[in-house]
There are 2 protein chains.
Amino acid sequence: MKKTVLIFGMLALAILALLQLSSYSLISGDLTIEFVISGIAIVFFIIGVFIQKKFKKEAVVSQEIDREQIDAIGLSKREYEVLLEMASGYSNKEIAEHLFVSESTIKTHVSNVLLKLDAKRRTQAIQKAKELHILPI
Amino acid sequence: MKKTVLIFGMLALAILALLQLSSYSLISGDLTIEFVISGIAIVFFIIGVFIQKKFKKEAVVSQEIDREQIDAIGLSKREYEVLLEMASGYSNKEIAEHLFVSESTIKTHVSNVLLKLDAKRRTQAIQKAKELHILPI
DNA sequence: AACGGTCTCATACTAAAGTACCAATTTCAT
DNA sequence: ATGAAATTGGTACTTTAGTATGAGACCGTT
């Protein structure tokens, strides 16, 4: 995040410098008008591409999760937490430790998640959850 | 695809027209140099953003799988196939049926995949594979 | 021809996942 | 406050998953 700010700051400076440079070049007559304009066009085109790329990457990574879908399915808060842990690749025992409950409890939650997502295995549940856009990434 | 070509053609024409227009404007002295340059900069910046967006949209949907990563990890062709099936949520038995081999064979492949991805469970393997960009979406 | 790698399959385990039922608490809205 | 839903937990059991080990068959390379 700090990196982004830094890059944008430097970019802004570069743009200003470029504008100044081209104005002076034109006035002093070192370069033709067409050449300068073409240069400007190319540089700003590249900058546009670059910035869009940067934004897109961050937008895609933090893909929206469909909260309406979650309670349309009927997943409770706790069950959803367990689903997230499952999707992260943790075992029932590990999930139990993370959430400070017993493994039995996790098994109950997992079974409920499988029922509600109509899945036979946790891997299938994860896949279905992904298709329903209720999982990050 | 035909649409894309059309858009690009019209864009190229627009760019040329813009360049011509600004040259004439400058020569005839209707506009100041700074104004024209700024205008050009803004327009081309927007064009850059637009084009990048167009390309990205198509690229993101079918997110690239990093084939180099696959053999950097040392996954064989068959092992990767099994990994894909795992990620789709299938059981070993189902994968065996899909690939026309025995469940024993699948177990062997799965074990190898887990080893190579340094995972303890298939869900963890899937998660890691996702982070390594070797899985579609 | 010999070798390494891959793919195949089997047996015999251990470990984890998942099911079925039951039950006590807690939470929360009507 | 009362009832419904959610959370927690347990036992007992079945089913998958995963490990370890060994081995035969195939393929391409040197």
Side-chain angles (χ1 to χ4, degrees), chain A residues 65-132 134-135, chain B residues 65-132 134-135:
Chain A
I65 61 171
D66 193 340
R67 295 181 189 285
E68 289 175 25
Q69 192 69 264
I70 293 174
D71 53 58
I73 295 163
L75 282 179
S76 76
K77 194 174 154 189
R78 204 57 160 169
E79 286 163 354
Y80 181 64
E81 285 185 289
V82 171
L83 174 58
L84 288 179
E85 291 279 322
M86 287 198 300
S88 298
Y90 294 116
S91 69
N92 289 338
K93 186 178 279 181
E94 286 171 334
I95 298 174
E97 288 166 5
H98 294 170
L99 302 184
F100 307 107
V101 293
S102 78
E103 196 184 338
S104 295
T105 305
I106 299 302
K107 283 190 176 187
T108 307
H109 287 320
V110 170
S111 277
N112 288 332
V113 170
L114 294 186
L115 263 178
K116 291 177 181 178
L117 281 171
D118 189 31
K120 294 201 192 89
R121 289 161 292 282
R122 51 169 60 204
T123 49
Q124 196 179 27
I126 293 167
Q127 177 62 20
K128 287 200 173 189
K130 205 147 291 171
E131 287 169 3
L132 293 168
I134 60 177
L135 287 184
Chain B
I65 60 170
D66 194 340
R67 295 181 190 283
E68 290 175 24
Q69 192 69 264
I70 293 174
D71 53 58
I73 295 162
L75 282 179
S76 75
K77 194 174 156 188
R78 204 57 160 170
E79 285 162 355
Y80 181 64
E81 284 184 290
V82 171
L83 174 59
L84 288 180
E85 292 278 322
M86 287 197 300
S88 297
Y90 295 115
S91 69
N92 289 337
K93 185 178 281 183
E94 286 171 335
I95 299 174
E97 287 165 5
H98 294 169
L99 302 183
F100 307 106
V101 294
S102 78
E103 196 184 339
S104 294
T105 305
I106 299 302
K107 283 189 174 186
T108 307
H109 287 320
V110 170
S111 277
N112 289 332
V113 169
L114 295 185
L115 263 178
K116 291 178 181 178
L117 280 172
D118 190 32
K120 292 201 193 88
R121 289 161 292 282
R122 53 170 59 203
T123 49
Q124 195 178 28
I126 293 166
Q127 178 60 20
K128 288 200 173 190
K130 207 148 291 172
E131 287 170 2
L132 292 169
I134 60 177
L135 287 183

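First the proteins, then the strands, lettered A, B, ... as listed; each starts at 1.
- Taking the side chain of A:R78 as heavy atoms from C-beta on, and the options D:dG18, C:dT8, D:dT7, the nearest nucleotide is D:dT7.
- Rounded to whole Å, the distance from CD1 on A:I106 to P on D:dT8 is 7 Å.
- Spacing between atom CG of B:L83 and atom P of D:dG18 amounts to 12 Å, rounded to whole angstrom units.
- The phosphate of D:dT8 (OP1 or OP2) has no side-chain N or O of A:T108 nearer than 4.0 angstrom.
- In terms of phosphate contacts, A:H109 brings no side-chain nitrogen or oxygen within less than 4.0 Å of OP1 or OP2 of D:dT7.
- Side-chain proximity of B:K77 to the nucleotides D:dG10, C:dC7, C:dC9 is greatest for C:dC7.
- Atom-to-atom, CG of A:L115 to C1' of C:dT19 comes out at 9 Å; the value is rounded to the nearest Å.
- The only option from A:K107, A:E85, A:E97, A:M86 that meets the side-chain contact (heavy atoms from CB on, under 4.5 Å) definition with A:N92 turns out to be A:K107.
- How far CG of A:L83 is from CD1 of A:I126: 7.0 Å, rounded to the nearest 0.5 Å.
- Taking 4.0 angstrom as the limit, A:N92 places none of its side-chain polar atoms (N or O) nearer than this to OP1 or OP2 of C:dA16.
- If you measure from atom CG of B:L114 to atom C1' of C:dA15, you get 13 Å, rounded to the nearest angstrom.
- If B:K107 and B:F100 are placed on DNA chain C by their nearest nucleotide, the residue sitting closer to the 5' end is B:F100.
- Around atom OH of A:Y90, no more than 12 heavy atoms belonging to other residues, nucleotides or ligands sit under 6.0 Å away.
- Across all strands shown, A:S102 has heavy atoms under 4.0 Å from sugar-phosphate atoms exclusively, and none from any base.
- The distance between atom CD of B:E97 and atom P of C:dC9, rounded to the nearest whole Å, is 13 Å.
- Side-chain N/O atoms of B:S111 include one lying less than 4.0 angstrom from OP1 or OP2 on D:dT19.
- Not one N or O on the side chain of B:K116 forms a donor-acceptor pair closer than 3.5 Å with the backbone of B:I73.
- Following rounding to the nearest Å, B:I73 (CD1) and C:dT6 (P) show an atom-to-atom distance of 14 Å.
- Between A:M86 and B:E103, the residue anchored nearer the 5' end of DNA chain C, judged by the nucleotide with its closest heavy atom, is B:E103.
- Protein atom OH of B:Y80 is 23 Å distant from nucleotide atom P of C:dG5, rounded to whole Å.
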Worksheet item: Could you walk me through whether B:S111 and B:L114 pass the side chain to side chain contact (heavy atoms under 4.5 Å, CB included) check?
Response: CA-CA 5 Å; B:S111 277; B:L114 295 185; 5.5 Å; no
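- Between B:Q124 atom CD and A:S91 atom OG the span is 9.0 Å, to the nearest 0.5 Å.
- In the set C:dT8, D:dG18, D:dG10, D:dG18 carries the atom at the smallest distance from any side-chain atom of B:R121.
- The residue B:S76 sits close only to the backbone: its heavy atoms come under 4.0 Å of sugar-phosphate atoms, none of a base.
- With distances taken from any side-chain atom of A:V101 to the nucleotides D:dA17, C:dC9, D:dG9, the minimum falls on D:dG9.
- The interatomic distance linking B:E79 (CD) with C:dT8 (C1') rounds to 13 Å, in whole Å.
- Among the heavy atoms of the strands lying under 4.0 Å from B:S91 are primed sugar atoms or P, OP1, OP2 only; no base atom is included.
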